[in-house]
Colleague: 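The structure's right below; bear with me while I get my questions together.
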Amino acid sequence: MVMHNSRLFLLDAGEGTQFQLQRYKIRIRNLDAVFISHLHGDHVFGLPGLLTSMSIYGRTDALTVVGPPGIRQYIEFQFKLSDTQLRFALHFTELPLPPRGQLAPAFENRWLSVSCFGLKHRIDCLGYRFDEKPKLPRLDAEKAGALGIPKEYYHLLKQGNTITLADGSVVHPHQVLGQPEPPYSYAYCTDTRYLPEVVTAVQGSSVLYHEATFLHQMLKRAEETGHSTAHQAGQLAQAAGVGHLLIGHFSARYPGLQPLLDEARAVFPHTSLAQEGRVFDIPYQATEHPTPVADFNLPPNLV
Ligand SMILES: [Zn+2]
């Protein structure tokens, strides 16, 4: 789940998604869009139930579902056979895989642009990249206060307007404005074999989520099943010059995850485990390992 300006964006919906959302007290009515990477069950079986529950609990705001071709048919077929009518509109955006290494527009709101790119899995699979749009410059409230500027003028100044105060004095934007905060970005890659072209698509992102299903000693199995190793996730993060790497989608064969984390960190030190219930803030110092802001009871295999 990505949260930006209190709006929520869900990335994939495996079975049980709605129960996990309840468990972690996520305010689901703020969900604006769902992004599906591919149509394997562990990424999509949770969606029909989640949509139905949102309707039962009274949602009326439209929701966008973005995914590879087939996502619309998958949902509509289930709803048709089960005679399900949602109380809110579903808008589908079906996206064919862009050519390797290229980004294509996937979604946009006032603050964010989301693009998609192609991954390499056993079926068509999309990665997503969230980029903040350029922000307005920061206003120095102390300087503005000293000049006697009322708060209702702040926004006009931030937008670059020169203003005239009640006493006739004129204030130019450069007198009170500083540099805007840099835009941050988040890229999401699952499920995929190691694909060098992805480096271009996720280049310089503040945080990269990359699957790390296996340890590198299982490379052959990773290649056969269309997955990556923790070592490869680290390699990709290194090559793309990202700020921080989150690894996830671990094979159930690993009772503890430390070896996967160690393997990725040996290549790319700024790596963390994307475990259920963990919250990561962007931005943070690239040298610091983000810590969960809330601790939940993790299932025993994740402790
Ligand atoms: Zn898959």
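Ligands are counted one by one from 1 in listed order, and the atoms in each one are counted from 1 as well. Note that the numbering runs from 1 along the sequence shown for the chain.
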Colleague: Do other residues, nucleotides or ligands put more than 12 heavy atoms under 6.0 Å from the CD atom of E142?
Modeller: no
Colleague: Parallel, tilted or perpendicular for H40 and H38, by the 30°/60° rule?
Modeller: perpendicular
Colleague: Verify the ring-centre separation between F130 and F35: is it less than 6.0 angstrom?
Modeller: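 Centroid separation for F35 and F130: below 6.0 Å.
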Colleague: Which protein N, O or S atoms lie under 2.8 Å from the Zn ion (ligand 1)?
Modeller: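 Correct list: H38 NE2, H40 ND1, H121 NE2, D191 OD2.
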Colleague: Would you call E108-K133 a salt bridge at under 4.0 Å N-O?
Modeller: yes
Colleague: So do I75 and V65 actually touch side chain to side chain, heavy atoms under 4.5 Å?
Modeller: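 When only atoms from C-beta onward are counted, I75 and V65 do not touch, as no gap falls below 4.5 Å.
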Colleague: Please enumerate all residues that pass salt bridge (Lys or Arg N to Asp or Glu O under 4.0 Å) together with D42, with sequence neighbours excluded.
Modeller: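 For D42 there are no salt bridge (Lys or Arg N to Asp or Glu O under 4.0 Å) partners, ignoring immediate neighbours.
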